[in-house]
Amino acid sequence: MTATREWWNDLLPREKPYSVVRFDESVPPTDTSFATKQSEVDHPSDAPDECPEATAEIVVYDRIGRMVKRTDGSVAPSVLF
């Protein structure tokens with residue numbers, strides 16, 4: 001299993017300024033499917049404004065891991081470690 005810090009770092013953007021991450025509230029935070037990078041975008045407004053799944057949320061992070069946008073939900077960390 002990937003070390004936790006490496007796992008979170010994989011969610012950061014590599015090619016574009018922002019990373020779109022989906023958090024699945026139906027699984028525990030230790031599960032690798034809890035947070036998955038969906039895409040990278042040039043601007044936070046390019047990311048979805050809503051998440052159609054009731055047990056998930058979408059969060060946009062900048063290159064240093066700060067949250068810059070999110071849909072409704074309660075489990076996403078404000079800063080990726």
> If hydrophobic clusters are built from ILVMFWY residues whose side chains come within less than 4.5 Å, do Val68 and Leu12 share one?
no

> Is there a ring pair (Phe, Tyr, Trp, His ring centres under 6.0 Å) between Tyr18 and Tyr61 once you walk through the steps?
CA-CA 6 Å; Tyr18 300 96; Tyr61 291 100; over 10 Å; no

> Using a 3.5 Å distance criterion without hydrogens, assess whether the side chain of Ser19 forms a donor-acceptor pair with backbone atoms of Glu40.
no

> Does Glu57 pair with Arg70 as a salt bridge, N-O distance under 4.0 Å?
yes

> Evaluate Asp24 against Glu53 for side-chain contact (heavy atoms from CB on, under 4.5 Å), listing each step before the verdict.
CA-CA 9 Å; Asp24 185 349; Glu53 302 162 78; 5.8 Å; no

> Kindly give the heavy-atom pair with the smallest separation between Ala47 and Val60, and that separation in Å.
CB-CG2, 3.4 Å

> Show the numbers, then the answer: is there a salt bridge (Lys or Arg N to Asp or Glu O under 4.0 Å) between Lys16 and Asp46?
CA-CA 12 Å; Lys16 294 188 177 186; Asp46 297 334; over 6 Å; no

> Nearest 0.5 Å, what's the CZ-OG1 distance between Phe23 and Thr71?
10.0 Å

> Group every Ile, Leu, Val, Met, Phe, Trp and Tyr by side-chain heavy-atom contacts under 4.5 Å, then state whether Trp8 and Ile58 land in the same group.
no

> Against Arg22, only a single residue in Thr36, Val59, Leu11 fulfils side-chain contact (heavy atoms from CB on, under 4.5 Å); can you say which?
Thr36

> Short question: side chain of Lys37, backbone of Val20 - any donor-acceptor pair under 3.5 Å?
no

> Indicate the atoms forming the closest heavy-atom contact of Ser33 with Val27, along with that distance.
OG-CG2, 3.8 Å

